[in-house]
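If you're wondering where the values come from, they're calculated on a predicted model, not measured in any experiment. Any value given below was found using the heavy atoms of this structure, including those in side chains, with hydrogens, waters and symmetry copies removed.
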Amino acid sequence: MRSPLVARVRGAGPTGALAALALASVGWEVELDDPLPPEQLLARGRAYALSHSSRLLLSELQLWNPLAADLVPFRFLQLCDLELAERVPFDGSDLGRAAQGLQGGEAVGWVLQHRPLMELLLERLKADPAIRLNLGNPQAIVPDATPVDLIVAADGSASPSRTALGIGQWRLPYHQACLSVQVRLRGSAADQAWELFRAEGPFAVLPLGGDHHQLVWSAPAGRLRLLESLDPAAFLDSLAGALPDRFQVDALLDAPRAFPVALELARGFQRGNTVLVGETMHRCHPVGGQGLNLCWRDVRVLRRQAERVARGRLGLAAIGRAYAIRRWGDVLLTLLITDLMVRLFSNRQPLPLGLRRLVLALLRRLPPLRRLSLKAMSLGPCQLLSRWSE
Ligand SMILES: Cc1cc2nc3c(=O)[nH]c(=O)nc-3n(C[C@H](O)[C@H](O)[C@H](O)COP(=O)(O)OP(=O)(O)OC[C@H]3O[C@@H](n4cnc5c(N)ncnc54)[C@H](O)[C@@H]3O)c2cc1C
């Protein structure tokens, strides 16, 4: 084994923090930089829907079991078209052996709050002797202070690293934005998630344990800005108008927060000894909960290539290209699928309505098609081509 190989990871968000642990786990020494201090890295009020591809990476890094108490599994997922009054139910059995024998039964996915995730990642980062943390000290982040073997740019969608390298990006803003809020809600089981398609945009209802739920409400940006500024009682009224009658929201658990959504794709995934990961490389609409799972699939592929270098099976100079070649398909297809879903389901035009009726009827009547689509969303579309490795 060649050592020591040294990497600098820029950005300690969920992608960069996991990338640092992943590289250290295959024998690299890692420096992890972020201008934010730990308390600010922990402070985001959001929850992520995790898929089986994320479970695989977290298991490989021995993080899955320590997170078990904070992971809220959902065994059922209802896809509902509220315009057509049609629904397609999915459950863990649609994933076949991918989902079997897991804690929480045959889960379709899990919901995890940002804070416990980052608490565990920061604890592991601090405890790992191969990792040097440089957090909360912007002056100390000097990009090329000491030469390293690999730079991992994980500094988010506005990435200074990507800009400094001169890598442009394609950007397609949606007229929709997204509002996330946690609520107490009746009308849904604790192991049930919903993707509701409304003409103004998709609306996800994700379980957080008991009657607590995370709502991810997509709608025109102006409308969400207005909703964000309402007092809690007026916001609850608007929410009741947007949700089907079966749901009753009893209380808000945090302040609603709207954020812009866009499809973004870097024009290159690597340059020199720098590779892009996570939202530095791509960003998609939150429909189907793909965002962070796609970011973590970057990390999983990077870890494999870094391990090959550490074992002498891949030249150091080839790691960037080897990584980029393996990421194009998954990233492009995931961005394309989420974009198509938003366009197809967020309108009332006769042609898309007819197409939706057909797609939903096929999904309901053809279990193999249902299995295929759920696996594509859960493992990544490219994994359908290769054999499931578990
Ligand atoms: C407001 C908002 C709400 C969201 N809500 C949800 C949600 O409810 N559910 C969900 O699944 N997804 C949500 N997302 C998307 C989700 O947060 C992203 O998929 C995820 O954060 C991507 O992680 P990342 O580590 O790639 O990037 P980021 O989380 O953006 O991390 C980038 C890191 O880089 C650091 N950085 C910046 N500049 C530098 C520099 N020069 N050097 C070093 N480090 C630097 C930043 O401080 C930051 O810590 C939301 C996104 C936003 C913006």
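A single hydrophobic cluster is seen to contain both L125 and L292, as judged by linkage of ILVMFWY side chains at heavy-atom distances under 4.5 Å, directly or through other members. Cluster annotation: L165 and L265 are assigned to the same hydrophobic cluster (Ile/Leu/Val/Met/Phe/Trp/Tyr, side-chain heavy-atom contacts under 4.5 Å, transitive). Under the 4.5 Å side-chain heavy-atom criterion for grouping Ile, Leu, Val, Met, Phe, Trp and Tyr, L42 is connected to L71 within one hydrophobic cluster. Cluster membership for L358 and M341, using ILVMFWY side-chain heavy atoms within less than 4.5 angstrom, is shared. Side-chain heavy atoms closer than 4.5 Å link hydrophobic residues (I, L, V, M, F, W, Y) into clusters, and following such links, even through other members, never connects V342 to W194.
Looking only at atom types and distance, the side chain of Y174 has a donor-acceptor partner in the side chain of D339 under 3.5 Å away. Judged purely by distance below 3.5 Å, without hydrogens or angles, the side chains of Q176 and W217 never pair a donor atom with an acceptor atom. A donor and an acceptor atom, one from each side chain of S188 and R246, are nowhere located under 3.5 Å apart. For the residue pair R303 and S25, a side-chain donor N or O sits within less than 3.5 Å of a side-chain acceptor on the partner.
No donor-acceptor pair closer than 3.5 Å links the side chain of S378 to the backbone N or O of L374. The closest donor-acceptor contact from the side chain of D34 to the backbone of A12 lies under 3.5 Å. In this structure a side-chain-to-backbone donor-acceptor pair under 3.5 Å is present from W28 to A306. Using a distance-only test at 3.5 Å, with no hydrogens or angles considered, no donor-acceptor pair links the side chain of H282 to the main chain of L263. Side-chain atoms of Q290 come within 3.5 Å of backbone atoms of G288 as a donor-acceptor pair (strictly under, hydrogens ignored). At distances below 3.5 Å, not a single donor-acceptor pair connects side-chain atoms of R115 with backbone N or O atoms of G45. Remark: side-chain polar atoms of R171 are not paired, donor with acceptor, to backbone N or O of E264 under 3.5 angstrom. In terms of modelled atom types and a separation under 3.5 Å, the side chain of S59 and the main chain of R55 share a donor-acceptor contact. Listed for the R326 side chain is a donor-acceptor partner under 3.5 Å among the backbone atoms of A322. Distance alone, capped at 3.5 Å, is enough to place a donor-acceptor pair between the T280 side chain and the G156 backbone.
Within 6.0 Å of the CZ atom in R132, the count of heavy atoms belonging to other residues, nucleotides or ligands does not exceed 12. Open room surrounds CG on D245; 12 or fewer heavy atoms of other groups in view lie less than 6.0 Å from it. Atom CZ of R365 has 12 or fewer neighbouring heavy atoms from other residues, nucleotides or ligands inside a 6.0 Å radius. Shown here is R321, whose CZ atom has no more than 12 heavy atoms of other residues, nucleotides or ligands within 6.0 Å.
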**OP:** Evaluate side chain to side chain donor-acceptor pair (under 3.5 Å) for N293 paired with S53, printing each intermediate quantity in order.
**Re:** CA-CA 7 Å; N293 297 295; S53 66; 4.7 Å; no
**OP:** Could you walk me through whether D298 and R327 pass the side chain to side chain contact (heavy atoms under 4.5 Å, CB included) test, one step at a time?
**Re:** CA-CA 7 Å; D298 301 338; R327 289 310 295 142; 2.7 Å; yes
**OP:** Take V9 and D33 through the test side chain to side chain contact (heavy atoms under 4.5 Å, CB included) and record every step on the way to the result.
**Re:** CA-CA 6 Å; V9 180; D33 297 339; over 6 Å; no
Subject >> Residues Q113, Q214; criterion side chain to side chain donor-acceptor pair (under 3.5 Å); working and verdict >> reply: CA-CA 10 Å; Q113 301 262 21; Q214 162 98 30; over 6 Å; no
Original post:
side chain to side chain contact (heavy atoms under 4.5 Å, CB included) between V111 and L50: does it pass, once the steps are laid out?
Top reply: CA-CA 6 Å; V111 185; L50 299 187; over 6 Å; no
Original post:
Step by step, would you call L32 with N134 a side chain to side chain contact (heavy atoms under 4.5 Å, CB included)?
Top reply: CA-CA 6 Å; L32 177 60; N134 182 17; over 6 Å; no
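Between R124 and L120, the closest side-chain pair of non-hydrogen atoms falls below 4.5 Å. Within the 4.5 Å cutoff, the side chain of R257 has no heavy atoms near those of the L179 side chain. Side-chain contact between L227 and P256 is absent, with no heavy atoms from C-beta onward closer than 4.5 Å. In this structure, W110 and W64 have side chains that are in contact, with non-hydrogen atoms separated by less than 4.5 Å. In this structure, the side chains of L150 and L5 stay at 4.5 Å or more apart for every pair of heavy atoms. Counting heavy atoms from C-beta outward, L185 and Q248 have side chains that stay 4.5 Å or more apart. Looking at heavy atoms from C-beta onward, L63 lies in side-chain contact with L21 at the 4.5 angstrom threshold. Looking only at side-chain heavy atoms (C-beta outward), L230 and S238 come within less than 4.5 Å of each other.
A salt bridge links E60 to R300: at least one charged side-chain nitrogen sits closer than 4.0 Å to a carboxylate oxygen. No salt bridge links D91 with R75; every basic N to acidic carboxylate O contact stays at or beyond 4.0 Å. Using a cut-off of 4.0 Å between Lys/Arg side-chain N and Asp/Glu carboxylate O, E86 and R364 are scored as salt-bridged. Salt-bridge check for R10 with D155: failed, with every basic side-chain N at 4.0 Å or more from each acidic carboxylate O. A salt bridge links R186 to D250: at least one charged side-chain nitrogen sits closer than 4.0 Å to a carboxylate oxygen.
If you take CZ on R162 and CG on L276, they are separated by 7.5 Å, rounding to the nearest 0.5 Å. Separating the CG atom in L363 from the CZ atom in R87 is a distance of 15.0 Å, to the nearest 0.5 Å. In this structure, the separation between CZ on F197 and OG on S346 is 8.0 Å, given to the nearest 0.5 Å. Atom-to-atom distance recorded for D149:CG and R8:CZ is 10.5 Å, nearest 0.5 angstrom. Annotation: the span from E83 atom CD to F345 atom CZ amounts to 11.5 Å, rounded to 0.5 Å. Between the NE2 atom in H285 and the CG atom in L335 there is a gap of 12.0 Å [rounded to 0.5 Å].
In terms of heavy-atom proximity, N347 sits nearest to R343 at ND2-O, 2.7 Å. Nearest heavy atoms, L208 versus A47: CD2-CB, 3.9 Å. Considering every non-hydrogen atom in both L206 and A49, the closest pair reads CD1-CB, 4.2 Å. When all heavy atoms of A17 and L121 are compared, the pair lying nearest together is CB-CD1, 3.9 Å. Taking each heavy atom of R297 and T334 in turn, the nearest pair found is NH2-OG1, 3.5 Å. A177 and V261 get closest at one heavy-atom pair: CA-CG2, 4.0 Å.
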